[in-house]
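Every value quoted in this text rests on a predicted model; they were computed, and no experiment measured them. Each chain gets a letter, A, B and so on, in the order the sequences are listed, and its residues count up from 1. Basis for what follows: all heavy atoms, side chains included, without hydrogens, waters or symmetry-related copies.
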Protein chains: 2
Amino acid sequence: MSLHSGQENLSKQDVIAKLQTAGITPTQQRVTIGRLLFARPQHLSAEQVLGMVNQVGEARVSKATVYNTLNLFARRGLVREVIVDPTKVFYDSNTTVHHHLFNIDDGTLSDIKPGEVTVVGSPTLPEGTVVAGIDVVLRVHSKQASA
Amino acid sequence: MSLHSGQENLSKQDVIAKLQTAGITPTQQRVTIGRLLFARPQHLSAEQVLGMVNQVGEARVSKATVYNTLNLFARRGLVREVIVDPTKVFYDSNTTVHHHLFNIDDGTLSDIKPGEVTVVGSPTLPEGTVVAGIDVVLRVHSKQASA
DNA sequence: ATTGGTGCAAAGGATTTGCAGTCTA
DNA sequence: TAGACTGCAAATCCTTTGCACCAAT
């Protein structure tokens, strides 16, 4: 990878390498989406990705390809789907174990700092199942006069 | 409430009382839905509620009314919305604090027994927000040969 | 040439909404 | 009767799908 593989920006090469490592053919569209997504930890909806990608203008990417790509990245573990808003899925470029804070009022999703919240206990699983992941979501309201 | 307010069945009177306590006008449709929903702890989708209601046949209930009613019940705290499946919302008639187990493969939602899992810690909240609730979702796969 | 990937538009499914008719208080 | 509620269908919104075209081996 390049010399500046920090969190500010990723070179095409970095993204191509990352995709190949994950067994994904690095097409132009996927690299474009990857550069945006992997630049830093963030939570984006498909719609937001579509908007950002076509603003950067590196390559025209269709809605279908955005969805296909995000699903592919999720299956391959490059992003994590976050299901907290009944109206849309968020894709989280931070794949390390961490939990979320969702503002019900404005639809904002943010991270809970690592270590601030921990899940204790090992529940009995239904027969024939294995754990795929644990999600903790703290739902918050914007403080204001309300019913 | 009636003498048999256990978990097997609820009389219309019980449900009417419950709705009124929550400040909800007990219409025929709402009572019908409530009897089904509050009969025992369960997780139902709007579609399932619609199906069950019109099978019982106490009163014809339209799809729109099922949605309106479930949203109303949720706002008034009679049921809890569970957001775990990106394709639909589950309504949980158990409003006590508890967490869930979601089978990604078959879309099944079940409860984690009380006490088996606990959340520890109090994260810093964004300014101007208050906690509305905490959800813990353990996602599981059906055990089988897979990629 | 073959296989995989993309774009476009149409299809799909869950949920909401508008409005006229109906019921509750 | 007045206001709230319901039903029906149309409208929305997010996401998936079908198919023809383009790209890479």
Side-chain angles (χ1 to χ4, degrees), chain A residues 12 15-16 19-20 22-34 36 43-54 56-76 78-79 81-91 104 107 109, chain B residues 12-13 15-17 19-34 36 43-54 56-76 78-79 81-91 102 104 107 109:
Chain A
K12 267 183 208 179
V15 174
I16 290 175
L19 296 184
Q20 289 178 326
I24 296 174
T25 303
T27 66
Q28 284 187 69
Q29 290 78 344
R30 289 170 179 172
V31 173
T32 300
I33 293 173
L36 280 167
H43 311 107
L44 299 173
S45 64
E47 179 192 36
Q48 288 177 302
V49 171
L50 180 63
M52 292 173 72
V53 162
N54 286 326
V56 173
E58 294 214 17
R60 170 144 281 81
V61 184
S62 70
K63 188 187 291 189
T65 296
V66 168
Y67 276 101
N68 287 338
T69 300
L70 290 173
N71 282 330
L72 177 61
F73 284 6
R75 274 200 305 281
R76 292 295 167 56
L78 299 183
V79 298
E81 289 183 329
V82 183
I83 316 294
V84 286
D85 183 332
T87 71
K88 61 173 176 292
V89 175
F90 282 104
Y91 293 87
I104 303 171
L109 183 64
Chain B
K12 266 183 208 181
Q13 292 314 314
V15 174
I16 289 174
L19 295 185
Q20 289 177 325
T21 298
I24 297 174
T25 304
T27 66
Q28 283 187 68
Q29 291 79 343
R30 290 170 178 172
V31 172
T32 301
I33 293 173
L36 280 167
H43 312 108
L44 300 173
S45 64
E47 179 192 36
Q48 288 177 303
V49 171
L50 181 63
M52 292 173 71
V53 162
N54 287 326
V56 173
E58 294 214 16
R60 171 145 280 82
V61 183
S62 71
K63 189 186 290 189
T65 296
V66 168
Y67 276 101
N68 288 337
T69 300
L70 290 174
N71 282 331
L72 178 61
F73 285 7
R75 273 200 305 281
R76 293 295 167 58
L78 299 183
V79 297
E81 288 184 328
V82 183
I83 316 295
V84 287
D85 183 333
T87 72
K88 61 176 178 293
V89 175
F90 282 105
Y91 294 88
F102 181 65
I104 303 170
L109 184 64

Next item on the list: Verify, without hydrogens or angle tests, whether Thr65(B) (side chain) and Val61(B) (backbone) share a donor-acceptor contact under 3.5 angstrom.
Entry: no
Item checked: Euclidean distance, atom CD1 of residue Ile24(A) to atom C1' of dA24(D) [Å, nearest integer] -> 17 Å
Note to self: Applying a 4.0 Å non-hydrogen cut-off, can you work out what Thr87(B) is touching in the nucleic acid: base, sugar-phosphate, or nothing?
What the structure shows: sugar-phosphate
Notebook entry, point to check: Which pair of heavy atoms, one from Pro86(A) and one from Val89(B), lies closest together, and at what distance?
Noted result: CB-CG2, 3.8 Å
Next item on the list: Give a yes/no answer on whether the side chain of Thr27(A) brings an N or O atom under 4.0 Å of OP1 or OP2 in dT6(C).
Entry: yes
Pairs: protein N or O with nucleotides 16-19 of chain C N or O, under 3.5 Å:
{"from": "dT16(C)", "atom 1": "OP2", "to": "Asn71(B)", "atom 2": "ND2", "distance (Å)": "3.0"}

Item checked: Distance in angstrom units between Arg30(B) CZ and dA4(D) P, rounded -> 11 Å
Note to self: Does dC5(D) have OP1 or OP2 under 4.0 Å away from a side-chain N or O of Thr25(B)?
What the structure shows: yes
Notebook entry, point to check: Which heavy atom of Leu72(A) sits nearest a heavy atom of Ile24(A), and at what distance?
Noted result: CD2-CG2, 3.8 Å
Notebook entry, point to check: For the residue pair Gln48(A) and Phe90(A), what are the closest heavy atoms and their distance?
Noted result: OE1-CE2, 4.4 Å
Check: Per the end-axis method with five pairs at each terminus, what is the bend angle of the helix from dA1(C)-dT25(D) to dA25(C)-dT1(D), to 10°?
Finding: 20°
Item checked: Between dT15(C) (P) and Asp85(B) (CG): distance, integer Å -> 9 Å
Next item on the list: Of all the heavy-atom pairs spanning Arg76(B) and Gly23(B), show the shortest one and how long it is.
Entry: NH1-O, 3.4 Å
Notebook entry, point to check: What is the distance from CD of Glu81(B) to P of dA14(C), rounded to the nearest Å?
Noted result: 16 Å
Note to self: Taking atom CD as the centre, does Glu47(A) end up with more than 12 heavy-atom neighbours from other residues, nucleotides or ligands that are less than 6.0 angstrom away?
What the structure shows: no
Item checked: First encountered from the 5' end of DNA chain C, between Ser45(B) and Pro26(B) -> Ser45(B)
Check: Which part of the nucleic acid, if any, lies within contact of Gln28(B), taking any heavy atom under 4.0 Å across all strands shown: a base, the sugar-phosphate backbone alone, or nothing?
Finding: sugar-phosphate
Notebook entry, point to check: At under 4.0 Å, does any side-chain N or O of Arg60(A) touch on OP1 or OP2 of dG7(C)?
Noted result: no
Notebook entry, point to check: Once you round it to whole Å, what is the distance between P of dC14(D) and CD1 of Ile83(B)?
Noted result: 15 Å
Check: Are more than 12 heavy atoms from other residues, nucleotides or ligands located less than 6.0 Å from atom NZ of Lys12(B)?
Finding: no
Note to self: With a cut-off of less than 4.0 Å, is there a side-chain N or O of Ser62(B) near OP1 or OP2 of dG7(D)?
What the structure shows: yes
Notebook entry, point to check: Can you check the Leu50(B) CG to dG13(C) C1' distance for me, whole Å?
Noted result: 14 Å
Margin query: Rounding to an integer number of Å, can you tell me how far Phe73(B) CZ sits from dC5(D) P?
Written below: 12 Å
Check: Looking at the side chain of Lys88(A), which of dT15(D), dT15(C), dA14(C) is the nearest nucleotide?
Finding: dT15(D)
Check: Could you state the CG-P distance from Leu70(B) to dA14(C), rounded to the nearest angstrom?
Finding: 14 Å
Item checked: Exam field: side chain Arg30(B) to backbone Thr25(B), donor-acceptor pair closer than 3.5 Å -> yes
Margin query: Using a 6.0 Å cut-off, check whether atom CD of Gln20(B) has over 12 heavy atoms from anything other than its own residue.
Written below: yes
Check: Phosphate oxygens OP1/OP2 of dA23(D): is one of them under 4.0 Å from a side-chain N or O of Gln29(A)?
Finding: no
Checklist line | Greater than 12 external heavy atoms within 6.0 Å of Lys63(A)'s NZ | finding: no
Next item on the list: Assign each of Val66(B) and Pro86(B) to its nearest nucleotide of DNA chain D by heavy atoms, then name whichever residue's nucleotide is nearer the 5' end.
Entry: Val66(B)
